[in-house]
Protein chains: 4
Amino acid sequence: MRAAIAGASGYAGGELLRLLLSHPQIEIGALTAGSNAGAALGAHQPHLTPLADRILLDTTADTLGGHDLVFLALPHGQSAAVAEQLGEDTLVVDCGADFRLTDPAAWELFYGGVHAGAWPYGLPELPGQRDRLRATRRIAVPGCYPTAVTLALFPAFAAGLAGPDVVVVAATGTSGAGRSLKPHLLGSEVMGSVSAYGVGGVHRHTPEMEQNLSPLAGEPVKVSFTPMLAPMSRGILATCTVPARPGVTAQVLREAYEAASKDEPFLRLLPEGQWPATSMTLGANVAALQVTLDERAGRIVAVIAIDNLTKGTAGGAIQSANLALGLPEELGLPLNGVAP
Amino acid sequence: MRAAIAGASGYAGGELLRLLLSHPQIEIGALTAGSNAGAALGAHQPHLTPLADRILLDTTADTLGGHDLVFLALPHGQSAAVAEQLGEDTLVVDCGADFRLTDPAAWELFYGGVHAGAWPYGLPELPGQRDRLRATRRIAVPGCYPTAVTLALFPAFAAGLAGPDVVVVAATGTSGAGRSLKPHLLGSEVMGSVSAYGVGGVHRHTPEMEQNLSPLAGEPVKVSFTPMLAPMSRGILATCTVPARPGVTAQVLREAYEAASKDEPFLRLLPEGQWPATSMTLGANVAALQVTLDERAGRIVAVIAIDNLTKGTAGGAIQSANLALGLPEELGLPLNGVAP
Amino acid sequence: MRAAIAGASGYAGGELLRLLLSHPQIEIGALTAGSNAGAALGAHQPHLTPLADRILLDTTADTLGGHDLVFLALPHGQSAAVAEQLGEDTLVVDCGADFRLTDPAAWELFYGGVHAGAWPYGLPELPGQRDRLRATRRIAVPGCYPTAVTLALFPAFAAGLAGPDVVVVAATGTSGAGRSLKPHLLGSEVMGSVSAYGVGGVHRHTPEMEQNLSPLAGEPVKVSFTPMLAPMSRGILATCTVPARPGVTAQVLREAYEAASKDEPFLRLLPEGQWPATSMTLGANVAALQVTLDERAGRIVAVIAIDNLTKGTAGGAIQSANLALGLPEELGLPLNGVAP
Amino acid sequence: MRAAIAGASGYAGGELLRLLLSHPQIEIGALTAGSNAGAALGAHQPHLTPLADRILLDTTADTLGGHDLVFLALPHGQSAAVAEQLGEDTLVVDCGADFRLTDPAAWELFYGGVHAGAWPYGLPELPGQRDRLRATRRIAVPGCYPTAVTLALFPAFAAGLAGPDVVVVAATGTSGAGRSLKPHLLGSEVMGSVSAYGVGGVHRHTPEMEQNLSPLAGEPVKVSFTPMLAPMSRGILATCTVPARPGVTAQVLREAYEAASKDEPFLRLLPEGQWPATSMTLGANVAALQVTLDERAGRIVAVIAIDNLTKGTAGGAIQSANLALGLPEELGLPLNGVAP
């Protein structure tokens with residue numbers, strides 16, 4: 001099978017290519033870009049040695065057509081127009097936000113403009129989601145934060161252990177913001193500093209978290225979400241706390257998380273006492289998870305680490321694509337991080 | 001006035017010296033150390049050019065005696081024995097935890113062993129605290145996290161705007177752990193990674209936060225506290241969320257924070273829309289603070305940045321010492337960070 | 001005395017302000033900027049607490065006029081036009097490159113365009129230079145790399161110990177490139193990576209090094225200079241090697257460096273066996289220097305650390321300005337770094 | 001084929017395991033350690049998800065016996081005793097220094113003690129070396145710096161373009177020092193700082209570079225080598241300069257490098273104008289190389305980036321092992337770096 005990648009000169013595009021180079025069933029086809037079209041890939045992704053001489057094409061229906069699958073790693077709002085022009089039989093995997101939210105009101109509130117619709121949501125670990133992904137030609141890849149937060153909390157909600165007042169604080173590496181030329185993303189600003197942004201319920205990933213967790217909770221979940229920018233390129237570490245339902249014990253909690261994770265190939269519940277670090281997951285399609293019960297404060301505290309570009313974007317995209325293509329879900333996806 | 005510094009080869013000791021070198025009224029006297037005694041200070045604190053040739057003495061009543069003030073920057077549990085031997089007229093400022101907690105039960109639960117007692121708590125911004133510090137010869141310098149969290153939340157509690165269910169997640173630089181030779185503090189482990197530790201209500205700074213906030217709240221405050229280690233040497237960024245009392249508006253909240261900070265020389269409420277970064281405070285005795293109301297989630301979100309070694313330890317210590325010595329509170333304390 | 005700062009929203013401008021805030025004899029006057037004019041300084045330099053509300057003015061003869069001294073921290077090529085409009089009695093200190101090179105041919109080769117002329121070179125440690133600086137109203141602040149390399153090697157050349165075949169490799173922090181929005185300066189690109197740039201004799205600081213060292217050598221010195229970008233915001237570590245003249249011994253070499261540095265307030269020759277780290281000098285106007293003789297290879301190896309923004313730019317500028325103003329050379333300049 | 005790894009809890013051991021997990025022909029057998037024996041691998045290498053529950057054994061002839069190949073990633077001086085006890089038919093690959101140097105005098109001078117002998121040197125790119133490696137059961141893996149420097153300069157020496165006065169300055173990440181608990185390797189010391197060490201011809205990798213290059217030069221090569229510690233976990237960037245022989249032109253130089261690299265699977269000569277960054281090679285068994293002629297200074301300047309743990313240690317070890325085992329040289333070795 002041949003895959004085209006739109007947005008190949010960006011960070012998500014580069015990670016898709018890095019992973020696809022090791023995928024035994026997917027061949028890399030056209031690579032397209034916006035303003036970087038015409039350049040050699042090596043000028044923008046010099047770490048991808050085997051593809052260094054490939055020339056970036058324009059992102060058009062022509063260049064993307066004729067592939068079995070197309071990954072879209074485009075700026076917000078550009079996916080719908082491109083996807084429309086691709087055949088219904090083509091598997092289209094959108095790494096952007098355009099098709100993630102099901103609720104038009106939430107879309108308008110957080111993104112503004114017209115809601116383009118919703119595609120099957122590419123988080124196979126979400127209960128019931130695998131079957132939907134096996135039967136689709138359109139996949140909306142989750143946001144990086146919602147991936148982390150949903151994986152951290154779905155076991156608690158699915159087991160009825162958690163109340164709906166979620167507080168999440170998550171640190172991310174700078175690659176989450178893409179290769180955008182903004183002053184606060186300069187190395188001089190980022191190194192040696194942790195900063196907050198998108199505080200107070202305004203980050204666009206907030207409704208996506210609520211959309212994932214509310215059905216499991218059986219009631220509307222409200223997420224207080226605060227993201228932070230940390231001095232590293234990759235990785236998300238999310239601390240997710242929820243009120244523990246009365247009677248929840250540490251043992252019940254542990255068992256719920258063990259049950260929820262034991263058959264998941266990419267969800268790794270750490271041994272008790274070991275806590276996640278993003279370095280455990282760098283470059284891997286793995287989420288490292290730990291949970292505990294803070295009895296004094298009455299809250300469940302789940303901490304999760306992922307690589308925002310791998311499990312949080314490109315790896316998750318390929319994992320869902322594997323399902324849609326009828327391939328083994330794990331195919332071509334790294335289980336090991338790169339450390340130290 | 002002459003000051004001795006016990007623990008001069010550690011990170012807190014080094015920061016005390018850096019600041020005291022610019023203090024117009026305090027002269028640096030004896031420098032003492034544990035296993036590093038006998039070495040030149042320059043071998044351990046090579047950034048302190050003017051003191052490079054000073055020899056580290058043993059930490060004894062003899063070497064520390066005869067000074068107007070003594071700063072103790074010693075490992076946990078060692079301050080009481082040293083302090084006992086110093087005269088009652090000597091101002092003793094303990095940067096360790098030994099005398100911070102007033103409740104023996106909390107001490108036993110979180111630290112274990114016998115409670116040494118409590119000294120006046122060195123956080124002048126805490127309502128009513130300045131007068132206590134002006135009248136004492138013994139000061140317990142707050143922990144770095146409690147400094148940040150208390151400064152972030154006291155305005156909300158003092159104004160009656162916040163409920164008692166506090167959730168704090170804070171990222172710290174590695175210097176907070178001191179110069180301890182532990183594998184997880186190695187550069188190779190720390191760089192490129194954010195990790196969680198002390199999760200689930202077990203971090204020793206938790207009861208100290210509750211001790212500070214409960215009297216202002218007029219009810220027992222419970223803090224769910226999760227610290228993270230971030231890839232930077234210095235700095236704490238704490239996200240502190242509390243339920244907003246019914247009827248609290250963004251304007252009421254803003255006014256409460258403006259009122260609480262406007263006369264505080266070291267508490268800087270940022271203009272609306274600007275969020276703290278630890279780089280704003282690197283090397284400065286300043287806390288950079290912002291607050292907002294998340295109306296969807298019903299929570300007040302306050303984010304604060306400090307330098308854990310400056311405002312969080314050594315600068316806070318000198319600020320309180322200034323009060324106890326009858327000097328202007330701001331004397332010798334930097335208002336500017338070093339950036340980028 | 002009142003100083004205006006042109007380019008106050010950039011990194012060099014910010015460092016000038018940070019230092020001037022502690023200068024007892026210089027008051028901060030107008031702050032000007034290019035495209036950032038009209039904004040509050042706090043939006044661009046949030047670490048400068050006391051100046052956060054100051055408004056950035058346009059850079060014009062009007063706004064800069066009426067000050068005793070004017071610091072220019074402007075992009076390459078803009079200083080001459082501004083300087084012309086300032087009175088002859090005004091001390092003008094140019095942090096840019098425009099007036100550093102004396103040789104028009106070197107200027108054309110490395111910078112291109114018309115040579116604007118040369119001003120007295122602001123490196124007081126260069127033999128004979130202090131007197132020139134005491135008598136001028138125009139100062140060309142050296143480049144950051146030439147500052148480091150000249151301080152590292154002038155003792156060897158001045159003592160006749162070194163041959164002219166200089167090889168320098170230096171690592172710099174990203175702030176050396178200014179606040180420019182270029183992809184290779186993004187945090188995601190910089191963190192976790194060291195890269196080379198300007199290799200092969202093309203870096204514009206090369207002729208400036210040769211200009212400084214050749215007169216001391218009494219023959220044309222050729223510098224092979226390779227800069228590297230390191231994952232840190234500030235700091236230069238330069239390794240400078242030169243062939244040792246026949247008969248040079250380790251003792252002769254040490255003595256030459258001790259003699260050259262002993263009366264220099266900002267040139268710190270480390271004790272034998274201790275090697276420079278940039279952290280020793282972070283935020284300080286200090287150069288940390290060590291030298292050794294590699295007898296097998298027949299080369300003198302001098303390693304030096306400076307903060308590129310402090311001793312390498314703003315601190316050096318103020319040091320020279322102090323001389324021109326008849327003030328003590330060390331006035332207001334920090335001797336301590338901020339570490340860890 | 002089954003491989004045992006001695007020293008599996010260290011950085012080199014961890015990287016061997018990460019790579020072997022993707023090797024289609026080598027199965028991972030016994031994992032042994034020193035003081036960490038008895039622990040689960042996941043406690044020390046938490047990024048190696050599939051091996052997290054494997055228990056570390058003692059390093060003995062028993063535990064290492066019965067494997068087709070044994071990788072030794074042991075502290076300096078411990079390999080000889082272990083290797084002796086392994087059968088002659090077992091392929092033993094030593095990642096330590098014990099068997100690298102052929103000259104006992106150089107061994108004594110730089111390492112001290114008794115020279116254990118020399119094994120075939122595991123750098124297949126060195127002219128003539130592949131055949132030796134195909135016929136051996138013992139391999140001495142090169143040091144990380146000599147790998148970088150030899151790959152950077154062998155084309156110049158082999159083509160007769162370079163004089164013997166080599167100057168090398170190289171920055172390395174902290175993982176090169178292993179997981180050793182030394183103060184200068186703490187994150188707080190390393191982050192934000194570049195430092196020099198082993199200056200003046202004393203670093204133990206110096207004679208190894210000379211051993212590799214002198215035969216190609218046809219005369220004794222002298223290397224002035226200065227290493228630096230940079231704030232990153234992985235990566236070496238080495239700037240290698242040599243005098244250009246009279247008459248050498250940029251074109252001749254380029255052609256020599258193209259000829260030397262075009263058939264090398266892991267030596268990647270970058271397009272003209274693009275310079276190496278360590279991020280290009282993170283986690284990859286690739287060296288990224290560029291060269292230029294500095295005509296003013298009369299020197300060839302070659303800059304090379306490798307990952308010290310991959311091409312510089314574990315990847316190079318597997319590359320050589322592939323040859324000795326009669327497998328394709330590239331088998332199981334990643335060509336892509338992980339970036340950003």
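Each chain gets a letter, A, B and so on, in the order its sequence line appears, and its residues count up from 1.
- Considering only heavy-atom pairs separated by less than 4.5 Å from chain B, the leading option among A:G235, A:P276, A:A171 is A:P276.
- Aromatic rings of A:H203 and A:Y145 (six-membered ring for Trp) have centroids within the 6.0 Å cut-off, being under it.
- Using modelled atom types and a 3.5 Å distance limit, the side chains of A:E219 and A:S214 yield no donor-acceptor pair.
- Interface remark: of the candidates B:A339, B:A297, B:G298, B:A297 forms the most heavy-atom pairs closer than 4.5 Å to chain A.
- Contacts with chain B were tallied for A:T241, A:V199, A:V303, A:V169; A:V199 has the most, counting heavy-atom pairs under 4.5 Å.
- Residue contact with chain B, scored on non-hydrogen atoms closer than 4.5 Å, involves the side chain of A:R299 exclusively.
- Minimum interatomic distance between B:C144 and B:I236 (heavy atoms only, all atoms of both residues): CB-CD1, 3.6 Å.
- Checked against side-chain contact (heavy atoms from CB on, under 4.5 Å), B:T310 has the following partners two or more places apart in sequence or in another chain: B:E15, B:R18, B:L19, B:R234, B:N285, B:D307.
- In terms of heavy-atom pairs under 4.5 angstrom with chain B, the leader among A:M191, A:H184, A:M228 is A:M228.
- Of the two parts of B:E210, only the side chain, counted from C-beta on, holds a non-hydrogen atom closer than 4.5 Å to a non-hydrogen atom of chain A.
- Counting heavy-atom pairs closer than 4.5 Å to chain B, the top-ranked of the candidates A:F110, A:Y197, A:F225 is A:F110.
- Using a 4.5 Å cut-off between heavy atoms, B:S193 contacts chain A through both its backbone and its side chain.
- Atom CG of A:N212 and atom CE of A:M209 lie 9.0 Å apart (nearest 0.5 Å).
- The contact between B:S224 and chain A is made by backbone and side chain atoms together, counting heavy-atom distances below 4.5 Å.
- Within the model, atoms CG of A:D103 and CD of A:E108 stand 9.0 Å from one another, a figure rounded to the nearest 0.5 Å.
- Summarising the geometry of B:G198 relative to B:P227, their closest heavy-atom pair is O-CD, 3.6 Å, with the distance given to 0.1 Å.
- Rounded to the nearest 0.5 Å, atoms OG1 (B:T239) and CH2 (B:W275) are 8.5 Å apart.
- Under the rule for a side-chain hydrogen bond (donor to acceptor under 3.5 Å, both in side chains), A:T206 has no partner lying at least two apart in sequence or in another chain.
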| request: Carefully, step by step, assess B:S175 and B:N308 under the rule side-chain hydrogen bond (donor to acceptor under 3.5 Å, both in side chains). | output: CA-CA 8 Å; B:S175 64; B:N308 57 302; 3.0 Å; yes

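- Heavy-atom distances place the side chain of B:A230, and not its backbone, under 4.5 Å from chain A.
- Of the atoms belonging to B:V194, heavy atoms from both backbone and side chain fall under 4.5 Å from chain A.
- Using a 4.5 Å cut-off between heavy atoms, B:V223 contacts chain A through its backbone alone, with no side-chain atom that close.
- Between chain B and the residues A:L237, A:T292, A:V301, the most heavy-atom pairs under 4.5 angstrom are made by A:L237.
- No other option in B:L186, B:T281, B:D165, B:L282 has as many heavy-atom pairs under 4.5 Å with chain A as B:D165.
- The choice from A:G173, A:P231, A:S188, A:P164 that makes the most heavy-atom pairs within less than 4.5 Å of chain B is A:P231.
- When heavy atoms are compared at a cutoff of 4.5 Å, B:V167 approaches chain A solely by way of its side chain, counted from C-beta outward.
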